[in-house]
Participant: 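To start, I am sharing the structure in question, which I have written as structure tokens.
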Amino acid sequence: MFGILSEQDCARIHAAGLEILATVGIRIHDPSWKARLLEGGARPDEKDDTRFYIGEDMVRRALETCPTSFCIKDRSGRGVEVKNGARTLYYTSNGMNYQRYGQRTCAPITRRTLADFVRVADTLKNVDGLVGTAIDDVAPQHRDFVGFKLMAQHSTKHLRPCIYTPTGAKVILEMTDILLDGKPYRDNAFFTLGYSCVSPLTWSRTALELFEATAGHGIAMMINSEPMAGGTSPVTLAGSLALADAEVLSGIVLNQLVEPGRPCIYNAGFAHVLDMRTLLTLTGAPENALLQAAGAQMAAFHHLPSAGWPLSDSAMLDGQAVYEKFGMLMAHTLSGVNMAWGMGNIETSRTISPEALVIDDEMAGWIGRFHRGIAVDEQHLAVDVIREMGFGAAYLECDHTLDFYREEIRYPTLPNRFPRKGWEDRGSRSLEESAAAYVDGVLQKPAESTLSPGQLEKLDRLEAHWLEKL
């Protein structure tokens, strides 16, 4: 595993995070949590009734009750353990706009274009999960559960809805009963949730109501810190990491207060940096990769799973988008980030592109093969084969090649691996054009629902009820 920080560095950052919680505290915008915080050991501020100080003992107790690993599934029942050292899972990400390759403008995401994006994602081997987005033709208070149903309708992959209201989370729990046909969520964890701290050190009413409304089911909660170096956090990366550590740990404390033993994902990987020339937030800079890789190390320091956000600042699918995303994906994978968001995202996470998604999937496969490394054992060293072949260069004909070539060599379908004549015969396509052809091929087929007719009917009725009620 590639390391940015030493063990001593991690300890110093954590000590700084503890000091921040004990001396600066957190701000809570929900008075109903005051009694819970005081009972849990928090110290109130004498003059500010929204401010609470979190001591080291309170953090330690929360970390002791928080599981170090947990299992998630997709709707087909396939599970994967999420823990330090496990493989990186690649997820899409939220956004506001949709853009196809070759376009220099974008349009707001609608139900139709989100469905198209999900359909493409469902065909891709290296895309492990789907993240909810804004949907322009749906009212803001409906977007979380409408998007959840839409993603479930077009894919069986693991889902990560973005929550816009606590009521939306409750509707998603009702939809879950339909999707699982009454089976318990704890045994079929096909979605996870999460929310971000408002940097610096502020937890909104929506976040707190979400934690409370979804407690009691064992739903893993991703605790996000999104400091902006030079804006909402110190411009020094170590300072931003210290603030992020305090914010994430405070979110874990809050979740353990409302549901002891709830799985939590330590996410300091949504950290940003501010470009001092333009005052714009950057996501594809090397400093972002450093913060996200270091965030994974801080998660490992606390024995918790991690998350991050490999993105690009390019406004379209071009060379900048590809080189930034490749570097970010490589940094996340080699650093052991458990959940990497951003597949198919460009423009600082504002825009999703199905062609970018296809290319990101290819890059994740390339990086995955690199990360798997080289097996060194008797069979792979193949000394007996070399002795048998002697000076003959006919390895193409031997059984050893037949036995191992699929394992050793990756065979992608998107990049060109033909000489020029073969490339010309296949249409002289660039990588981006091949991705566009792939997307067109998926979308030209009739859309098929992954839900049974009975499930779809029940979900439609439930959705219509809440669309009218909210």
Side-chain angles (χ1 to χ4, degrees), residues 88 90-107 109-110 112-131 133 151 154-155 157 283-284 309-330 332-333 340-370 410-420 422-447:
T88 299
Y90 301 102
Y91 284 60
T92 62
S93 189
N94 50 11
M96 297 180 291
N97 301 312
Y98 184 83
Q99 186 180 59
R100 290 294 308 267
Y101 170 67
Q103 298 174 347
R104 295 183 181 270
T105 59
C106 56
I109 298 169
T110 63
R112 183 187 67 78
T113 54
L114 179 57
D116 286 349
F117 187 79
V118 171
R119 287 175 60 198
V120 174
D122 194 55
T123 69
L124 298 175
K125 180 180 179 181
N126 299 299
V127 176
D128 298 288
L130 301 169
V131 177
T133 72
M151 292 189 295
H154 294 285
S155 178
K157 292 182 185 287
T283 61
W309 207 346
L311 297 175
S312 168
D313 298 308
S314 177
M316 61 181 292
L317 177 55
D318 60 2
Q320 178 185 344
V322 172
Y323 92 74
E324 287 181 343
K325 290 295 284 293
F326 185 85
M328 299 292 283
L329 286 166
M330 178 70 87
H332 279 67
T333 305
W341 283 26
M343 302 289 278
N345 272 83
I346 53 176
E347 199 183 355
T348 319
S349 193
R350 293 183 183 90
T351 301
I352 58 174
S353 161
E355 288 83 5
L357 178 66
V358 172
I359 293 175
D360 287 349
D361 177 79
E362 164 56 32
M363 291 191 292
W366 192 105
I367 292 167
R369 175 62 189 95
F370 178 85
R410 183 171 176 269
Y411 293 93
T413 57
L414 194 64
N416 173 60
R417 285 189 167 180
F418 294 94
R420 178 168 293 275
W423 171 68
E424 291 172 347
D425 290 344
R426 288 164 176 78
S428 306
R429 287 174 176 166
S430 67
L431 180 69
E432 296 89 340
E433 290 167 340
S434 294
Y438 181 94
V439 171
D440 288 339
V442 172
L443 298 183
Q444 285 167 4
K445 298 175 183 177

Participant: Answer yes if the side chains of Ser93 and Trp309 hold a donor-acceptor pair under 3.5 Å, and no otherwise.
Facilitator: yes

Participant: Could you tell me which non-hydrogen atom of Arg100 sits nearest to which non-hydrogen atom of Asp440, and how far apart they are?
Facilitator: NH2-OD1, 2.9 Å

Participant: When you measure from the side chain of Thr351 to the backbone of Glu347, do you find a donor-acceptor pair of N or O atoms at a distance under 3.5 Å?
Facilitator: no

Participant: Which heavy atom of Phe418 sits nearest to which heavy atom of Trp423, and what is that distance?
Facilitator: CB-N, 3.9 Å

Participant: Return the minimal non-hydrogen interatomic distance between Ile359 and Leu317, and the atom names on each side.
Facilitator: CD1-CD2, 3.8 Å

Participant: Between the side chains of Tyr438 and Thr413, is a donor N or O closer than 3.5 angstrom to an acceptor N or O?
Facilitator: no

Participant: Provide the closest heavy-atom pair for Val439 versus Val358 in the form atom of the first, atom of the second, distance.
Facilitator: CG2-CG2, 3.8 Å

Participant: Does one side chain, of Gln103 or Gln99, offer a donor that lies under 3.5 Å from an acceptor on the other?
Facilitator: no

Participant: Judged by atom type as modelled, is there a donor-acceptor pair below 3.5 Å linking the side chain of Thr348 to the main-chain atoms of Arg350?
Facilitator: no

Participant: Return the CG to CG distance between Asn416 and Leu431, rounded to the nearest 0.5 Å.
Facilitator: 10.0 Å

Participant: Do side-chain atoms of Glu433 reach the backbone of Ser430 as a donor and acceptor pair under 3.5 angstrom?
Facilitator: yes

Participant: I need the Asp360 CG to Ser312 OG distance, nearest 0.5 Å.
Facilitator: 9.0 Å

Participant: Is there a side-chain contact between Lys157 and Asp122 in this structure, where contact means two heavy atoms from C-beta onward sitting under 4.5 Å apart?
Facilitator: yes

Participant: For the rings on Tyr90 and Trp341, is their centre-to-centre separation under 6.0 Å?
Facilitator: no

Participant: Between Asp313 (side chain) and Gly284 (backbone), is there a donor-acceptor pair under 3.5 Å?
Facilitator: yes

Participant: Do Phe117 and Thr92 pass the side-chain contact (heavy atoms from CB on, under 4.5 Å) test, and can you show the C-alpha distance, the side-chain angles, and the key distance before you say yes or no?
Facilitator: CA-CA 10 Å; Phe117 187 79; Thr92 62; 3.7 Å; yes

Participant: Could you tell me whether a side-chain N or O of Lys325 sits under 3.5 Å from a main-chain N or O of Met363, the two making a donor and an acceptor?
Facilitator: no

Participant: Carefully, step by step, assess Met330 and Trp366 under the rule side-chain contact (heavy atoms from CB on, under 4.5 Å).
Facilitator: CA-CA 9 Å; Met330 178 70 87; Trp366 192 105; 3.7 Å; yes

Participant: Please answer whether the main-chain N or O of Leu329 pairs with a side-chain N or O of Thr333 as donor and acceptor at a distance below 3.5 Å.
Facilitator: yes

Participant: Could you grab the distance from atom OG1 of Thr110 to atom OH of Tyr98, nearest 0.5 Å is fine?
Facilitator: 8.5 Å

Participant: Short question: side chain of Glu355, backbone of Tyr101 - any donor-acceptor pair under 3.5 Å?
Facilitator: yes

Participant: So, does Arg426 use its side chain to make a donor-acceptor pair with the main chain of Gly422 at under 3.5 Å?
Facilitator: yes

Participant: Within the side chain of Thr123, is there an N or O that forms a donor-acceptor pair under 3.5 Å with the backbone of Val120?
Facilitator: yes

Participant: Any salt bridge between Arg410 and Glu362, counting N to O under 4.0 Å?
Facilitator: yes

Participant: If only atom types and distance count, is the side chain of Asn97 paired as donor or acceptor with the main-chain N or O of Cys106 below 3.5 Å?
Facilitator: no

Participant: Taking all non-hydrogen atoms of both residues, which atom of Leu311 and which atom of Gly342 are closest, and how far apart?
Facilitator: CD2-CA, 3.8 Å

Participant: Using every non-hydrogen atom in the two residues, find where Met343 and Asn126 come nearest and quote the distance to one decimal.
Facilitator: CE-O, 4.3 Å

Participant: Any chance you could measure Ile346, atom CD1, to Gln320, atom CD, to the nearest 0.5 Å?
Facilitator: 10.0 Å

Participant: Enter the distance from Asn345:CG to Ile352:CD1 here, rounded to the nearest 0.5 Å.
Facilitator: 7.5 Å

Participant: Working to the nearest 0.5 angstrom, can you tell me the gap between Leu114 CG and Leu130 CG?
Facilitator: 8.5 Å

